[in-house]
Amino acid sequence: MGYAAPARSPNRLLAVLSPADFARVRKHMQPVSLSLGQVLHEPGTRIRHVYFPYSSVISLLSLVSPNKGAEVGMVGNEGIAGASAAFGPNIAHLRSLVQGAGTAMRMSAPCLREECNTNASFNRALLRFSYVLLVQAAQTAACNRFHKIPARLARWLLVTRDRLHSDDFALTHQLMSVMLGVRRVGVTVAAGALEKQGLIAYSRGRMQIVKPKALERAACECYKIVRSAYRKG
């Protein structure tokens, strides 16, 4: 079931466009509601649509097997899921999984490519976002290699908070283990340590960040590096 789309977009990638350019892009879009756990793209399959989140959040997972992988990026209302359809072969290399249910605008992959080829301001906005997403993926790879689970979990919770614009959100230990690419017991121990310090509170599938500033101090430096790239981008 859809919803009424505003004249100007809550999606920050689209919001930088002039009213005329946004109106031009908007005619190719449809509002959609995304549900928690919904898979939008699967590796090896054709990208039929791309998504500009409004209130939803989409995780990008790199898989080593159908049931094993780790998150390499996260997209909220600052960007787009499926941007590779504009620049290269229209085949997904990552799994796009809805981590936070909510609304988004959907555009067909052919329309995305057409707009990128003919709409200079839209193309520039998409390239800027692609750059910061690449920074996020590269930093996440280094983070997964060098940092311990509690610091990585703190970083991931902060990134999730930034995309959802809330300190309180639905989350399970199973989902955290998938996103971080570690065993569930490792996430349980790490989350317990953060909770013991009073930084977070977790109960019945709800995560609450109690002390955001203290959680930032507990997170690895990767959080600030990626946040800085998004602000400059």
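Along the sequence shown, residues are numbered consecutively beginning with 1.
Going from atom CG of L133 over to atom CD1 of I80 covers 10.0 Å, rounded to the nearest 0.5 Å.
In this structure, M105 and V25 have side chains that are not in contact, with every pair of non-hydrogen atoms separated by 4.5 Å or more. Taking the side chain as every heavy atom from C-beta outward, M179 and L97 approach each other to under 4.5 Å. With contacts defined as side-chain heavy-atom distances shorter than 4.5 Å, the pair N77/H165 qualifies. A heavy-atom distance below 4.5 Å is found between the side chains of I58 and L34. When side chains are defined from C-beta on, Q197 counts as touching L194, because their heavy atoms get closer than 4.5 Å. F52 has its side chain within reach of L13: a pair of non-hydrogen atoms, C-beta onward, lies under 4.5 Å apart. Proximity of V132 to R128: side-chain heavy atoms (C-beta onward) are nowhere separated by under 4.5 Å. A heavy-atom distance below 4.5 Å is not found between the side chains of F122 and N117.
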* To do: Check step by step if side chain to side chain contact (heavy atoms under 4.5 Å, CB included) holds for S130 and F87.
  => CA-CA 10 Å; S130 297; F87 306 118; 3.7 Å; yes
* Pair R155-H147, side chain to side chain contact (heavy atoms under 4.5 Å, CB included): steps then yes or no -> CA-CA 10 Å; R155 183 263 306 168; H147 294 145; over 6 Å; no
* Asked: Where do M207 and M176 land on the side chain to side chain contact (heavy atoms under 4.5 Å, CB included) test, with the steps shown first?
  -> CA-CA 11 Å; M207 174 65 68; M176 286 187 279; 4.1 Å; yes
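Of the possible donor and acceptor atoms, one in the side chain of N90 sits under 3.5 Å from a partner among the backbone N and O of I47. Judged by distance alone, the side chain of N11 and the main-chain N or O of P53 form a donor-acceptor pair under 3.5 Å. The backbone N or O of K68 lies less than 3.5 Å from a partner atom in the side chain of S65, making a donor-acceptor pair. Side chain of R26 to main chain of M29: a donor-acceptor pair is present (N/O by atom type, distance under 3.5 Å, no hydrogens or angles).
Considering only residues two or more places apart in sequence or on other chains, N119 meets the side chain to side chain donor-acceptor pair (under 3.5 Å) condition with E115, S121.
Using a 4.5 Å cut-off between side-chain heavy atoms of Ile, Leu, Val, Met, Phe, Trp and Tyr, with links allowed through other members, L153 and V210 fall into different hydrophobic clusters. At a threshold of 4.5 Å between side-chain heavy atoms, the hydrophobic network of Ile, Leu, Val, Met, Phe, Trp and Tyr places Y54 and L17 in one connected group.
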Show the atom names and distances, to 0.1 Å, of all donor-acceptor pairs under 3.5 Å that link a side chain in residues 212-227 to residues at least two apart or in another chain.
residue, atom, partner, partner atom, Å
Y223, OH, R161, NH2, 3.4
Y223, OH, D162, OD1, 3.4
Y223, OH, D162, OD2, 2.6

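Legend: side chain to side chain donor-acceptor pair (under 3.5 Å) pairs involving residues 39-50, not counting sequence neighbours, sorted by first then second residue: H41-S96, E42-R95.
Taking a 6.0 Å sphere around OH of Y131, one finds it holds 12 or fewer heavy atoms contributed by other residues, nucleotides or ligands.
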